[in-house]
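Before any comments, here is the structure.
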Amino acid sequence: MLLLPLLALLSLPFCLAASISAEDAHQKLVKLAAANNGLIKLDDSSYNLLTHPKRTWSSSIHFTALDPRRRCAPCKEFDPSFTAVAKSWSQVPASERDTHFFATADFDNAMGTFQKLGMQTAPVLHVHLPAEGSRRPASGRTAPIVYDFSNGFDAGPLAEQLSQYTPVPIPYKAPIDWSKYGTAAGVTLIFLSTVRLFLPILRSRWAWAIGIVLTSLVMTSGFMFVRIRGMPNSGANGQWIAPGYQNQFGQEVQVVSFVYGLLASGFLMLTLVTPYQTNPYRQRLQVYLWSGVIFVMFSVLISLFRVKNRSYPFKLLL
């Protein structure tokens with residue numbers, strides 16, 4: 001026998017909403033929106049006003065659960081975006097602004113509505129189209145449109161999607177990201193400071209000469225050959241010399257460039273440094289030293305050719 005009184009109690013809000021004319025409901029909604037920067041805070045009663053069966057307005061209703069006890073992280077992430085879009089809608093002229101409303105229904109303030117709709121997750125966004133008037137859809141649809149969160153929780157895509165159901169596009173503009181400009185300015189200052197610090201090095205012809213020589217040594221040692229073909233750093237069982245002239249391991253590049261570098265250094269020392277030694281004994285010692293380095297390193301280079309191709313006929317020391 002208690003079932004009938006319970007059903008009557010649950011249906012009371014709907015009866016009250018139906019008893020209020022669409023014009024009176026619209027005026028109350030306009031006041032509620034103006035009191036909170038264009039965003040209506042819903043409870044069970046105001047939800048029934050917003051979804052009046054003879055409404056001539058549309059609405060976007062955000063169902064959420066912001067209480068910390070609910071532990072709804074997506075709700076906290078999406079709420080600022082929805083609030084920003086609703087605030088931007090308040091800038092539209094009243095003739096269009098008052099034909100679409102933005103509202104938020106929190107679980108703790110509208111439990112009856114959540115139970116009536118059978119909602120078990122949040123956030124959820126419903127778009128209710130007009131049931132009467134010129135903006136009523138031709139299909140006569142009265143069921144709410146559920147927003148698809150596949151575009152994420154950002155305010156920009158939200159405003160773009162909801163503009164399909166508003167009388168005029170939502171004039172949302174993303175706020176200026178000052179952190180982005182601050183980061184760019186900081187990076188620019190660091191770059192300019194670094195350039196100023198290393199400017200003498202960049203102007204030095206010796207710095208450029210050393211860079212060009214090192215690059216030439218690496219490239220002539222087969223670096224690009226190894227990178228383009230995707231060759232491994234070494235072979236099986238620690239083998240670092242690939243047989244044949246059409247194969248090369250990464251470690252070969254390091255060894256060959258080191259050998260070429262010592263050979264080039266030996267020739268440079270003999271031609272640029274040794275002739276200017278004023279001490280005959282020191283000059284003679286450098287001639288012997290760098291000539292020996294060239295002889296040994298050239299022997300090592302030839303031996304590498306012999307390892308890669310056993311039929312190579314020449315050798316020096318090794």
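Source: prediction; values computed, not measured.
- Summarising the local packing, CD of E160 is surrounded by 12 or fewer heavy atoms from other residues, nucleotides or ligands at distances under 6.0 Å.
- Here the closest non-hydrogen pair linking T64 and F114 is O-CZ, 3.5 Å.
- The nearest pair of heavy atoms linking A105 to A110 is CB-CB, 4.4 Å.
- Taking both residues in full, the closest heavy atoms of V85 and A155 are given as CG2-O, 3.6 Å, listed atom of the first, atom of the second, then distance.
- Note that CD1 of I212 is 12.5 Å distant from CZ of R205, once rounded to the nearest 0.5 Å.
- Applying the side chain to side chain contact (heavy atoms under 4.5 Å, CB included) test between N36 and each of L39, L32, I40 identifies L39 as the sole match.
- Residues D148 and S150 have side chains that bring a donor and an acceptor to within less than 3.5 angstrom of each other.
- The cluster map of Ile, Leu, Val, Met, Phe, Trp and Tyr, joined by side-chain heavy atoms under 4.5 Å apart, puts I210 and V218 in different clusters.
- The two atoms that bring P175 and Y172 nearest to each other are CD-OH, 3.6 Å, heavy atoms only.
- Heavy atoms of other residues, nucleotides or ligands lying less than 6.0 angstrom from CZ of R141 number more than 12.
- The backbone N or O of G112 lies less than 3.5 Å from no partner atom in the side chain of Q115, so there is not a single donor-acceptor pair.
- Pairs engaging residues 119-154 under the ring pair (Phe, Tyr, Trp, His ring centres under 6.0 Å) rule: F63-H126, F78-F149, F78-F153, Y147-F149, F149-F153 [sequence neighbours left out].
- Nearest heavy atom pair, residue L29 against residue S46, reads CD2-O, 4.5 Å.
- Counting heavy atoms from C-beta outward, Q286 and Q277 have side chains that approach closer than 4.5 Å.
- In this structure, CD1 in I294 is found 10.5 Å from CZ in F298, a value given to the nearest 0.5 Å.
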**OP:** Verify side chain to side chain contact (heavy atoms under 4.5 Å, CB included) between N48 and H52, making sure each step is shown before the conclusion.
**Re:** CA-CA 6 Å; N48 294 326; H52 195 283; over 6 Å; no
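- The CG atom of L262 sits 8.0 Å away from atom CH2 of W290, with the distance rounded to the nearest 0.5 Å.
- Atom OG1 in T274 sits 9.5 Å away from atom CG in L285 (nearest 0.5 Å).
- Within the 4.5 Å cutoff, the side chain of Y165 has heavy atoms near those of the L129 side chain.
- Around atom CZ of R282, no more than 12 heavy atoms belonging to other residues, nucleotides or ligands sit under 6.0 Å away.
- Contact of the L66 side chain with the C75 side chain is registered, since non-hydrogen atoms from C-beta on lie closer than 4.5 Å.
- Every salt bridge (Lys or Arg N to Asp or Glu O under 4.0 Å) that R69 has, sequence neighbours left out, goes to D67, D108.
- Taking CG from D106 and SG from C72, the interatomic distance works out to 9.5 Å, rounded to the nearest 0.5 Å.
- Enclosure of atom CD in Q120 is not indicated, since only 12 or fewer non-hydrogen atoms of other residues, nucleotides or ligands lie within 6.0 angstrom.
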Subject >> Derivation and outcome, side-chain hydrogen bond (donor to acceptor under 3.5 Å, both in side chains), residues R135 and T56 >> reply: CA-CA 7 Å; R135 293 181 54 229; T56 57; over 6 Å; no
Subject >> side chain to side chain contact (heavy atoms under 4.5 Å, CB included) between T51 and I61, intermediate numbers included >> reply: CA-CA 10 Å; T51 57; I61 305 177; 4.0 Å; yes
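- Side chains of D24 and S21 form a contact here, defined as non-hydrogen atoms less than 4.5 Å apart.
- V300 and V293 fall within a single hydrophobic cluster, where Ile, Leu, Val, Met, Phe, Trp and Tyr side chains are chained together by heavy-atom contacts under 4.5 Å.
- Taking 4.5 Å as the limit, every side-chain heavy atom of F102 sits out of range of all side-chain heavy atoms of S59.
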**OP:** Would you please test Y47 and K116 for side chain to side chain contact (heavy atoms under 4.5 Å, CB included) and show each step?
**Re:** CA-CA 11 Å; Y47 174 80; K116 180 185 68 174; 3.4 Å; yes
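- In plain terms, the two heavy atoms of G222 and Q248 that are nearest each other are CA-OE1, 3.7 Å.
- A donor-acceptor contact closer than 3.5 angstrom links the side chains of S60 and H100.
- Looking at D154, its side chain never comes within 3.5 Å of a backbone N or O of G156 through a donor-acceptor pair.
- M297 and V287 end up in different hydrophobic clusters when Ile, Leu, Val, Met, Phe, Trp and Tyr side chains are linked at under 4.5 Å.
- At least one donor-acceptor pair under 3.5 Å links the side chain of S299 to the backbone N or O of F295.
- Under the 30°/60° scheme for interplanar angles, the aromatic rings of H26 and W57 are found to be tilted.
- The cluster map of Ile, Leu, Val, Met, Phe, Trp and Tyr, joined by side-chain heavy atoms under 4.5 Å apart, puts L50 and I20 in the same cluster.
- Taken from CD in Q283 to OH in Y288, the straight-line distance is 11.0 Å, to the nearest 0.5 Å.
- Taking 4.5 Å as the limit, every side-chain heavy atom of F101 sits out of range of all side-chain heavy atoms of L49.
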Original post:
Going through the checks in order, is the side chain to side chain contact (heavy atoms under 4.5 Å, CB included) test met by L301 and Y260?
Top reply: CA-CA 8 Å; L301 185 62; Y260 281 164; 3.5 Å; yes
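- Side-chain contact, S90 with R97: no donor N or O sits under 3.5 Å from an acceptor N or O.
- Cluster annotation: M231 and L304 are assigned to distinct hydrophobic clusters (Ile/Leu/Val/Met/Phe/Trp/Tyr, side-chain heavy-atom contacts under 4.5 Å, transitive).
- Side-chain atoms of F82 and T104, non-hydrogen and from C-beta on, do get closer than 4.5 Å to each other.
- Two residues are said to be in side-chain contact when any heavy atoms from C-beta on lie closer than 4.5 Å; V92 and W89 meet this criterion.
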